[in-house]
There are 2 protein chains.
Amino acid sequence: MRVAVVEDDLSIVNLLKRVLIKEGFSVREFSTAERFLSAVFDYGEEFDAVILDVMLPGINGVEACRFLRERGYDVPVLMLTALSEEDDKVKGLDSGADDYLTKPFGIRELLARLRALLRRRGKVLLAPEPSGIVITDVGALVDGKEVKLTGRERELLRVLLENRGKVVSKEELLQKVWKGEAVSKRVVDVHVKHLRDKIGDRIETVWGVGYRLVEGAPE
Amino acid sequence: MRVAVVEDDLSIVNLLKRVLIKEGFSVREFSTAERFLSAVFDYGEEFDAVILDVMLPGINGVEACRFLRERGYDVPVLMLTALSEEDDKVKGLDSGADDYLTKPFGIRELLARLRALLRRRGKVLLAPEPSGIVITDVGALVDGKEVKLTGRERELLRVLLENRGKVVSKEELLQKVWKGEAVSKRVVDVHVKHLRDKIGDRIETVWGVGYRLVEGAPE
DNA sequence: AAAAACCTTAAGGAACTGTTAAGATGTTAT
DNA sequence: ATAACATCTTAACAGTTCCTTAAGGTTTTT
């Protein structure tokens, strides 16, 4: 189990590190939200849970959490802060946090809450289901409605779905869907168009790079 | 960057803490060498630098430093003391300290020496610390908000970000972003302008030289 | 004041994507 | 076997986005 600790207070980081490691977690620490987000988005690191401080220099915990959620990263987030005002709790939880703990906190309580979060999630973390799309053997279930897809369309959607929220380059799509067959790059565009016609505008174009499946309903 | 401050004089501890934190360091304080050494060897805490007072109750700074070095702990040590006798300096430096500063010391000098030590060790002090910016695959996260960037803009921002706080010359930008393509120098200006429009006035012009990404939010 | 460096804006073209349709190929029903 | 159908690919044209250059204005230096 990999846990990211995003916290700038060294004494807390060290405490958490010691305790979490003792409990059998792998701990990756980040002193700023930027670094953490960069690890996730630039380097594709994955975590089973995130312990996220609110008061951070630069991007704060609430903003970071909101960003994660907007991009479809469904990892359990335990928010940590010195603020105990009801309003702050609301803000934190509204941003997508799963739990909220105020400093000073009991380390045993934190562990208990963390275990609870992981249990609740069943343990599958970064980048799982909730996109409103499920691939079936005849096509896809989109917002509860069944849509028929052709083979290529289904494969294309599958790859995009596996990388939900992340940009997939045309080269990668050609490689994964067309397995290196000698076809023009433009076939991707055409199939994206067909997919869009069928499942709505959930596929975003990233100019000069490729495509990205985004969350939520189209338009 | 984490700095351990090992010092029993509270007024000095507080001064250092305030200043160092302001400079973007994480500070961990210890009132005795025993506690510091215990943190290092018993708990495996790691530091990028140590500011170590010589006159400490129990194990003194020189002994502590020697102990560190004997165990192969190669962290930069800046020794701090009221003793200005040459002999003491020699003892301190011989014990493995990297630099030596006598009280009363100027805080700016201390910072400069600390930076120098870190630089010498190859620690990247280019402050990967808070800038409020994270580059993503579609653009950048600026103060928690996603901003879409074009390819050139993103590359330009990436180079500036890698050198944040430092001036990057136009030649270097042309070389790193435009890879030696034969383009006019003016393209840099234009793209800087576009970047400024999108991420705010975080890019400072250094007349006759180039550009620099500055910390914090614009105005 | 002149010169140099920078800012700002806009236009043209290059590169990329959207869209449509036709032909090729393969599949199913008759 | 043949017709009807479905799918895939390519090609062509239209539309969009992006990059660079150019030109005139502003600021800074000499």
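Numbers restart at 1 for each chain; the letters A, B, ... are given by sequence-line order, proteins then strands.
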| Heavy-atom side-chain contact between V27(A) and L16(A) under 4.5 Å | no
| Side chain proximity check, L213(A) to N163(A), heavy atoms < 4.5 angstrom | no
| said: Counting neighbours of NZ on K17(B) that are heavy atoms of other residues, nucleotides or ligands and sit closer than 6.0 Å, is the number greater than 12? | reply: no
| query | Counting only non-hydrogen atoms, which of residues 147-156 of chain B are less than 4.0 Å from DNA chain D? | reply | T150(B), G151(B), R152(B)
| message | My understanding is that only residues two or more places apart in sequence, or in another chain, count here; which of them pass ring-ring contact (aromatic ring centres under 6.0 Å, His included) with Y211(B)? | response | none
Test of understanding: with salt bridge (charged side-chain N to carboxylate O under 4.0 Å, His left out), list the residues that count as partners of [X], not counting sequence neighbours.
{"X": "R196(A)", "value": "none"}
{"X": "R158(B)", "value": "E155(B)"}
{"X": "K166(A)", "value": "none"}
{"X": "R154(B)", "value": "none"}

| request: Would you mind reading off the bend of the helix from dA1(C)-dT30(D) to dT30(C)-dA1(D) from its two end axes, five pairs each, to 10 degrees? | output: 20°
| note | Test side chain to side chain contact (heavy atoms under 4.5 Å, CB included), reference L80(A), set V5(A), L110(A), V54(A), output is L110(A)
| message | V190(B): which residues meet the side chain to side chain contact (heavy atoms under 4.5 Å, CB included) condition with it, sequence neighbours left out? | response | H194(B)
| request: Only counting residues at least two apart or in another chain, list the ones meeting side chain to side chain contact (heavy atoms under 4.5 Å, CB included) with L15(B). | output: R18(B), V19(B), I107(B)
| request: Could you tell me from which nucleotide to which nucleotide of DNA chain D, 5' to 3', there is an atom under 4.0 Å from chain B heavy atoms? | output: dC18(D) to dT29(D)
Identify the pairs formed between an N or O of the protein and an N or O of nucleotides 5-8 of chain C at a distance under 3.5 Å, and give each distance.
{"unit_1": "dC6(C)", "atom_1": "OP1", "unit_2": "G208(B)", "atom_2": "N", "d": "3.2"}
{"unit_1": "dC6(C)", "atom_1": "OP2", "unit_2": "K170(B)", "atom_2": "NZ", "d": "2.9"}
{"unit_1": "dC7(C)", "atom_1": "OP1", "unit_2": "R196(B)", "atom_2": "NH1", "d": "3.0"}
{"unit_1": "dC7(C)", "atom_1": "OP1", "unit_2": "T205(B)", "atom_2": "OG1", "d": "2.6"}
{"unit_1": "dC7(C)", "atom_1": "OP2", "unit_2": "Y211(B)", "atom_2": "OH", "d": "2.7"}

| remark: Taken to the nearest whole Å, NZ/K185(B) to C1'/dA4(C) is 11 Å
| task | Go through the structure and list residues passing side-chain hydrogen bond (donor to acceptor under 3.5 Å, both in side chains) with K148(B), not counting sequence neighbours. | result | none
| task | Determine the contact category for V183(A): base if any of its heavy atoms lies under 4.0 Å from a base atom, sugar-phosphate if only primed atoms, P, OP1 or OP2 are that close, otherwise nothing. | result | sugar-phosphate
| Relative to the ring of F36(A), is the ring of F47(A) parallel (under 30°), tilted (30 to 60°) or perpendicular (over 60°)? | tilted
